[in-house]
Trainee: 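My structure is below; once you've seen it, I'll send some questions.
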Amino acid sequence: MKIVFFGSSEFAVESLKKIAETKNELSCVVTQPDRKKGRHLLSSSTAVKDTAVGFGLKLMQPAKIDPSFIESIKKMQADIFVVVSYGLILPKSLISVPRKMAINVHASLLPKYRGAAPINWAIIKGENKTGVTIIKMNEFMDQGEIIAQKEIEIKTSDTSETLNKKLSVLGAESLADVLAKLEQGDTELKRQNSKEATLAPKLKRTDGLIDWSKPAEDIFNQTRGTIPWPGSFSYWQGKLLKIWQVKVVTMDVASLKPGEVISTSKEGILVACGDNAISIKLLQLESGRKLTADQFICGHKITKGIILS
RNA sequence: CGCGGGGUGGAGCAGACUGGUAGCUCGUCAGGCUCAUAACCUGAAGGUCGGACGUUCAAAUCGUCCCCCCGCAA
């Protein structure tokens with residue numbers, strides 16, 4: 001089958017590699033244009049572009065999806081579009097181009113967590129399982145009929161980064177199965193139950209700000225689910241303090257203020273939350289590197305009674 | 001040329017504005033105390049202060065250039 005692949009971020013790379021391994025013909029890879037970003041606003045390419053270039057694939061980076069772009073895609077006469085975290089909603093006029101259909105690999109158990117950041121939100125919301133879903137695309141975001149779905153356990157040791165990696169591999173495997181079935185024409189489509197739908201919008205910086213009056217469990221999930229960006233953070237002496245790794249400590253904090261430092265030791269910096277406490281294991285002050293709690297304590301006067309806010 | 005912070009014994013930091021003996025916490029090593037210890041006490045080793053050039057009687061500190069690290073923003 002002739003395939004056109006749409007993808008941009010790291011999550012899409014495994015799927016692209018998988019397709020490149022199959023006998024399908026990859027007519028073209030479409031990815032977002034290079035953008036100026038990062039420190040000093042240097043121009044940088046997407047993870048998918050880097051991969052496609054490595055494989056020597058034909059690449060397109062349209063600034064926007066306009067009629068002339070759609071025309072050039074039509075000429076490729078693709079059977080299937082595979083879309084994996086491309087970064088834009090594709091219009092109906094583009095989705096209808098391929099002979100068979102356009103499919104999308106989404107990192108959640110649809111209809112739950114529709115949107116740009118399903119992996120992050122599944123962790124932040126404290127889910128103990130998630131997965132990947134492959135849908136036949138329609139013009140509405142993540143609302144197409146389900147072709148295949150696979151579950152995976154979310155472990156307490158998982159962060160968005162580790163889960164992203166696992167799901168990208170799982171998604172690629174599932175994609176290979178689906179492509180094989182599509183070629184044989186034995187796929188079943190299942191409609192999503194929209195009543196069960198939840199949204200997982202792109203994270204904002206403020207999603208990383210810690211509210212210490214929340215239960216320790218919530219803060220633990222927030223810390224895991226916002227890595228690597230925006231990360232969870234608080235403020236100490238007016239300086240940004242990023243909190244990279246924490247552990248929930250069960251204890252009575254009724255007499256303490258939320259955000260109050262209870263104790264500091266090599267084991268961690270213990271902070272009172274709305275319910276129970278958090279032991280900070282790995283943290284980073286603005287301008288500094290990530291430090292373990294014991295390293296941090298050596299050089300910073302952070303002591304009992306100080307309030308993080 | 002997007003904005004800003006930083007590089008000081010092995011680790012993390014202070015000192016810099018107001019140039020003049022290299023400081024703190026931890027670690028390491030030796031000894032002591034102790035039934036014992038990651039605890040406590042005493043002592044020791046370990047630094048051309050990121051690099052180069054310049055100003056000066058004298059530079060971690062002031063000036064110029066370069067290298068590396070980090071946060072924000074996008």
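Only this structure's heavy atoms are used, side chains among them; waters, hydrogens and symmetry mates stay out.
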Trainee: By nearest nucleotide on RNA chain B, pick out whichever of A:Lys242 and A:Ile297 is the more 5' one.
Mentor: A:Ile297
Trainee: Between B:rC1 and B:rC13, how many Å separate the two C1' atoms, rounded to a whole number?
Mentor: 33 Å
Trainee: Looking only at side-chain N and O atoms, does A:Lys2 offer a donor or acceptor that is under 3.5 Å from a partner on A:Gln77?
Mentor: no
Trainee: Classify the nucleic acid contact of A:Lys266 as base, sugar-phosphate or nothing, counting any heavy atom under 4.0 Å across all strands shown.
Mentor: sugar-phosphate
Trainee: Please list every donor-acceptor pair under 3.5 Å in which a side-chain atom of residues 249-269 of chain A meets a protein atom from a residue at least two apart or in another chain.
Mentor:
{"unit_1": "A:Asp252", "atom_1": "OD1", "unit_2": "A:Ala254", "atom_2": "N", "d": "3.1"}
{"unit_1": "A:Glu260", "atom_1": "OE1", "unit_2": "A:Lys257", "atom_2": "N", "d": "3.1"}
{"unit_1": "A:Ser265", "atom_1": "OG", "unit_2": "A:Glu267", "atom_2": "N", "d": "3.1"}

Trainee: For atom P, what is the distance between B:rG4 and B:rC41, given to the nearest Å?
Mentor: 46 Å
Trainee: What parts of residues 31-43 of chain A reach RNA chain B, counting only heavy atoms under 4.0 Å away?
Mentor: A:Lys37, A:Gly38, A:Arg39, A:His40, A:Leu41
Trainee: Can you name the nearest heavy-atom pair linking A:Leu308 to A:Trp236, along with the distance?
Mentor: CD2-CB, 3.7 Å
Trainee: May I ask which nucleotide in the shown strands pairs with B:rC3, Watson-Crick or G-U wobble, both distances under 3.5 Å?
Mentor: B:rG71
Trainee: With both distances kept under 3.5 Å, what pairs with B:rC26, Watson-Crick or G-U wobble?
Mentor: B:rG10
Trainee: Using Watson-Crick or G-U wobble geometry with both distances under 3.5 Å, which nucleotide pairs with B:rA58?
Mentor: none
Trainee: We want to know whether A:Ser8 and A:Thr46 form a side-chain donor-acceptor pair, criterion being a heavy-atom distance below 3.5 angstrom.
Mentor: no
Trainee: Using atom C1' in both nucleotides, what's the gap between B:rA44 and B:rG9 to the nearest angstrom?
Mentor: 14 Å
Trainee: Could you give the distance separating B:rA38 and B:rG27 at their C1' atoms, to the nearest angstrom?
Mentor: 12 Å
Trainee: B:rC68 and B:rU25: how far apart are their P atoms, nearest whole angstrom?
Mentor: 35 Å
Trainee: With rounding to whole Å, what would you report as the distance between B:rC26 and B:rG46 at their C1' atoms?
Mentor: 15 Å
Trainee: My understanding is that only residues two or more places apart in sequence, or in another chain, count here; which of them pass side chain to side chain contact (heavy atoms under 4.5 Å, CB included) with A:Ile227?
Mentor: A:Thr159, A:Glu161, A:Trp244
Trainee: Heavy atoms, side chains only, cut-off 4.5 Å: are A:Leu240 and A:Leu285 in contact?
Mentor: no
Trainee: Check every nucleotide of RNA chain B for an atom under 4.0 Å from a heavy-atom of chain A, then give the first and the last such nucleotide from 5' to 3'.
Mentor: B:rG2 to B:rA74
Trainee: Would you indicate what A:Lys290 reaches in the nucleic acid, counting non-hydrogen atoms under 4.0 angstrom: base, sugar-phosphate, or nothing?
Mentor: nothing
Trainee: Do the side chains of A:Asp34 and A:Lys49 get close enough for a salt bridge, i.e. N-O under 4.0 angstrom?
Mentor: yes
Trainee: For A:Met141, give me all partners under side chain to side chain contact (heavy atoms under 4.5 Å, CB included), at least two apart in sequence or on another chain.
Mentor: A:Ile89
Trainee: Taking atom C1' in both B:rA14 and B:rU55, compute the distance separating them and give it to the nearest angstrom.
Mentor: 27 Å
Trainee: For atom C1', what is the distance between B:rG63 and B:rC72, given to the nearest Å?
Mentor: 29 Å
Trainee: Applying a 3.5 Å limit to both distances, which nucleotide forms a Watson-Crick or G-U wobble pair with B:rG19?
Mentor: none
Trainee: Could you pick out which residue, A:Leu291 or A:Ser287, lies toward the 5' side of RNA chain B when each is mapped onto its nearest nucleotide?
Mentor: A:Ser287
Trainee: Could you tell me which residues satisfy side chain to side chain contact (heavy atoms under 4.5 Å, CB included) with A:Ala78, sequence neighbours excluded, listed by chain and number?
Mentor: A:Val4, A:Phe81
Trainee: Between A:Gln295 and A:Thr292, do the side chains contain a donor N or O and an acceptor N or O under 3.5 Å apart?
Mentor: yes
Trainee: Would you mind pulling out the nucleotide paired to B:rC40, Watson-Crick or G-U wobble, both distances under 3.5 Å?
Mentor: B:rG32
